[in-house]
Undergrad: 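Could you have a look at this structure, given as structure tokens, before my questions?
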Amino acid sequence: FSLAGPSTTPRKRQVRFSARHDIILLREVIAQNPFASKEPGRIWARVGEIITTALQDENFEVDARRCRERTMLLLDYYKKQDFPSLRRFGTERLYAQKEDLLHEVLELEAEKGLLASGESTKYQDDELRKRAMEELTLPEQEKPNITITQTPTAEPEEDREEMAELSAAPMAKRPCQCCCQTYSEILSFLEKRSEAEQRLREEELALRREELEIQRS
């Protein structure tokens, strides 16, 4: 019978991100871009290693999970326009840098969505092409017997000329709906953010006016 002693494995210290740490993290996320990788876990781990090495004098250790969770939290604040949470524990200059970096990270995340949508469309096109080739290679007895009966009708001269003009005119390219929708969402978000910032500035100016009036009285 042996009594097991307490574990000697040191527990990883929970670090707290400051505004400066957030900026270092976001810069490294932009440089490594885990959103564009087929192995994002490995890229997030690299981000954690780089940050831990750069801040080893501060005993600041983070892993892949911590970096990813912190980045997603900041992105969530940014998307919801939760500016007080983003301004916490930092100066206005640091907040401005953080906001610019978050905008770049948001664009990287949007590009990931566009790539995923493009891959899905390519897969559907490949499936359709494959089915068409299978139908072409079917034996004659297995091909469906389809008879198309056309009733001859006299077409007016004007209709024939109009159809000729339409067939000769170049086809206009249809815009990519997924791209337009994604970028319209980003533009809508930026407009809402600008309006929220304008309201915040107006409230700050009103508070400053009240403080000046109180001081004068």
Side-chain angles (χ1 to χ4, degrees), residues 4-120 178-179 181-197 199-201 204:
S7 176
T8 58
T9 303
R11 295 182 60 186
K12 184 174 292 187
R13 187 172 64 90
Q14 184 72 15
V15 298
R16 186 180 298 274
F17 279 83
S18 66
R20 185 175 65 87
H21 294 147
D22 285 339
I23 290 174
I24 295 174
L25 169 64
L26 294 174
R27 284 176 177 171
E28 203 56 47
V29 169
I30 293 171
Q32 302 297 330
N33 192 8
F35 302 103
S37 175
K38 294 183 179 179
E39 298 180 0
R42 183 172 57 85
I43 305 301
W44 284 114
R46 184 188 304 167
V47 171
E49 292 172 359
I50 294 173
I51 294 176
T52 299
T53 302
L55 300 176
Q56 59 183 350
D57 294 339
E58 303 178 23
N59 196 23
F60 192 88
E61 297 182 7
V62 287
D63 55 9
R65 179 180 176 182
R66 189 77 175 95
C67 292
R68 181 175 55 83
E69 290 178 349
R70 181 62 179 177
T71 302
M72 293 300 106
L73 178 64
L74 293 174
L75 270 181
D76 187 57
Y77 287 154
Y78 188 67
K79 292 175 182 177
K80 293 179 179 178
Q81 301 180 8
D82 188 356
F83 301 119
S85 297
L86 289 175
R87 293 174 186 266
R88 194 179 303 163
F89 309 123
T91 63
E92 286 296 322
R93 183 177 61 83
L94 291 177
Y95 165 73
Q97 293 182 28
K98 185 190 296 188
E99 188 179 17
D100 291 340
L101 293 171
L102 280 170
H103 180 72
E104 293 187 44
V105 175
L106 182 64
E107 289 182 343
L108 294 179
E109 188 185 38
E111 290 176 3
K112 173 192 175 184
L114 291 177
L115 289 174
S117 176
E119 291 177 358
S120 176
C178 60
C179 300
Q181 182 178 358
T182 302
Y183 284 112
S184 64
E185 289 176 356
I186 293 177
L187 290 175
S188 176
F189 164 74
L190 293 176
E191 290 175 358
K192 292 179 180 179
R193 185 194 65 180
S194 178
E195 293 175 359
E197 289 181 344
R199 289 195 300 269
L200 185 62
R201 294 192 189 99
E204 290 177 353

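In this text the structure is predicted, and so the values were computed from the model without any measurement. One is the number of the first residue; the rest follow in order along the sequence.
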Undergrad: Can you give me the closest heavy-atom contact between Ala64 and Gly41, atom names plus distance?
TA: CB-O, 4.1 Å
Undergrad: Are Leu73 and Tyr77 side-chain neighbours, meaning at least one heavy-atom pair lies under 4.5 Å?
TA: yes
Undergrad: Quick check against the 3.5 Å criterion: does Arg70 have a side-chain atom that pairs as donor or acceptor with the backbone of Leu25?
TA: no
Undergrad: Carefully, step by step, assess Ile43 and Phe35 under the rule side-chain contact (heavy atoms from CB on, under 4.5 Å).
TA: CA-CA 9 Å; Ile43 305 301; Phe35 302 103; over 6 Å; no
Undergrad: State, yes or no, whether a side-chain contact exists between Leu86 and Leu102 at a heavy-atom distance under 4.5 Å.
TA: yes
Undergrad: Between CD1 of Ile24 and CD1 of Ile50, what distance do you get to the nearest 0.5 Å?
TA: 12.5 Å
Undergrad: Assess whether side-chain contact (heavy atoms from CB on, under 4.5 Å) is satisfied between Val62 and Phe17, documenting all intermediate values.
TA: CA-CA 10 Å; Val62 287; Phe17 279 83; 3.9 Å; yes
Undergrad: Is it the case that the side chain of Lys98 and the backbone of Ala19 share a donor-acceptor pair, with hydrogens and angles ignored and the cut-off at 3.5 Å?
TA: no
Undergrad: Go through the steps to decide whether Glu58 and His21 satisfy the test side-chain contact (heavy atoms from CB on, under 4.5 Å), and finish with yes or no.
TA: CA-CA 11 Å; Glu58 303 178 23; His21 294 147; 3.1 Å; yes
Undergrad: Rounded to the nearest 0.5 Å, what's the gap from CZ on Arg88 to CG on Asp22? Could you check?
TA: 11.0 Å
Undergrad: Under the criterion side-chain contact (heavy atoms from CB on, under 4.5 Å), I'd like the reasoning laid out for Leu75 against Leu106: C-alpha separation, chi angles, the key distance, then a yes or no.
TA: CA-CA 7 Å; Leu75 270 181; Leu106 182 64; 4.2 Å; yes
Undergrad: Measure the spacing between CD of Glu61 and OG1 of Thr53 and express it to the nearest 0.5 Å.
TA: 10.0 Å
Undergrad: Report the distance from atom OG1 of Thr52 to atom CZ of Arg66, rounding to the nearest 0.5 Å.
TA: 11.5 Å
Undergrad: How about Glu69 and Met72: do any of their side-chain heavy atoms sit closer than 4.5 Å?
TA: no
Undergrad: Are any of the side-chain heavy atoms of Val29 and Trp44 separated by less than 4.5 Å?
TA: yes
Undergrad: Say you draw a straight line from CD of Gln97 to CZ of Arg27; how long is it, rounded to the nearest 0.5 Å?
TA: 5.5 Å
Undergrad: Just by distance, no angles: are the side chains of His103 and Glu99 close enough, under 3.5 Å, to form a donor-acceptor pair?
TA: no
Undergrad: CZ/Arg20 to CG/Leu94 distance, rounded to the nearest 0.5 angstrom?
TA: 9.5 Å
